[in-house]
Amino acid sequence: MPPRTIAAPCPPPTLPKPVELTLFALCVANAVYLAAALLHGTWLVGPDGLPIATDFVNVWTGGRHALGGNPAAAYDPAVHKAAQVAALGHDFDGSYPWVYPPTFFFAAALAALLPLVAAHVVWIAATFAAYAAIMAGIMRSPLGLMMAFAFPGIVANATVGQNGFVTAALIGGMLVFLNNRPVVAGILLGLLSFKPHFGVLIPLVLIVSGHWRVLFAAAATTLLLALAATLAFGSDAWEGFVHALRHASQAALSQGLADWAKLQSLFGFVRTLGASETLAFTLQWILAGATTVLLCMLWRSRAPFNLKAAGLAVGILLVPPYLFMYDLVTLAVAIAFLFREMQTSGARPGETIGLGIALLLVLIFPLVKLPVGLVAAMIVAALVMRRALALRERAASSAI
């Protein structure tokens, strides 16, 4: 069985003054941006007093379909779009297709119990609280709360009402509880099954590292959720999901209807440059394969747990071709674990600058039409890999 590692104990983290001031400035910038967007009618409610069309209307109307006893209607693009227009009180360009598995209807139905705008506010507040709590748990200090709010990617998630906070909380929570409470970690991983494209890498890493209780708990949770969804929403919902997933994949990845520049993946970057779909997929799968192999090697090694956790959190973001900026909230989890390792064993030259550049790239996303999130993730991955290689060289030298 591969060696288990646990996070080394260390005193509560402290920050160099420039880093602390930078995080504070980012917190202020995020707060000012959201307040300005609200006051200028570009967030939640428009100048006409009507709700703004964002991704959250997709969640809310999906929940209304479920509450109305016809969840399969969410997978019918025409019916679902009509329900969204009715909820908003006005038409809008494009569409917000429902491509979640039926298990996500449980969360959507809870959100749909409230009016649309109130539901959006509660959704963001509740999911942000979960994400912030996990960040504080990773840092083992209130400093994690500051890091959670300072991360520039939270704005992209909050303004559209997406599920990036949920994803980050589940991935971060799984890693926090992995060694000491494997069943809890497995349950959190099972809850992540509403985003199946994020679930490819994690089981492989857990298998090679021998975390069988986590895997069994995750499998049981996933199966129970699927059974509950089938009983609550019927088999038609699953048929609709399969059809919608196939159609959405073709629309976003082959036809580029979601705008390739918005995809924060290597696939999106290659397509943005005008290259073919075949080349984009080939390079994406090469990156995914290399990431998988390197992470499996890392998790079989004696590297510190914080480094392994940082590697997995950022590696998850490098594998799927379908990745948006709101998904990059999980990058904050990787940065938090890497920062913990920096606190434990000392910062290496260039690490603080590298993390600063990664945060800057996420910050400027609204200003540039490029997959800057991909570059940010690769910078963090490179920092993790550099530490892992240094540890391996040190171990080899001591063995001579």
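Side-chain atoms are counted along with the backbone in the values below, which use heavy atoms only and exclude waters and symmetry mates.
- D55 and Q162 are linked by a side-chain donor-acceptor pair at a separation below 3.5 angstrom, with hydrogens and angles left out of the test.
- Note: the hydrophobic cluster containing M139 also contains L23 (ILVMFWY, side chain heavy atoms under 4.5 Å, direct or indirect links).
- Residues L50 and V45 have side chains not in contact (no heavy-atom distance under 4.5 Å, counting atoms from C-beta outward).
- Judged by the 6.0 Å distance and 45° axis criteria, K262 is not positioned over the aromatic ring of F365.
- Across all non-hydrogen atoms, the minimal contact from L116 to F56 is O-CE2, 3.7 Å.
- For the pair H211/N179, a side-chain contact is recorded, criterion being any heavy-atom separation below 4.5 Å from C-beta on.
- D48 and H90 are not linked by any side-chain donor-acceptor pair at a separation below 3.5 angstrom, with hydrogens and angles left out of the test.
- Residues I335 and L355 have side chains in contact (heavy-atom distance under 4.5 Å, counting atoms from C-beta outward).
- Judged by the 6.0 Å distance and 45° axis criteria, K195 is positioned over the aromatic ring of F198.
- In summary, the aromatic rings of Y96 and W60 are positioned with their centroids too far apart to meet the 6.0 Å limit.
- From Y75, atom OH reaches atom NE2 of H243 across 12.0 Å, with rounding to the nearest 0.5 Å.
- Using a 4.5 Å heavy-atom cutoff, the side chains of T54 and T159 are not in contact.
- Atoms CD and CG, on Q284 and L279 in that order, are 11.5 Å from each other to the nearest 0.5 Å.
- For the residue pair E341/S345, the side-chain donor-acceptor check at 3.5 Å is satisfied.
- Connection of V160 to I124 is not established within any shared hydrophobic cluster, with ILVMFWY side chains joined at heavy-atom distances below 4.5 Å, either directly or through further cluster members.
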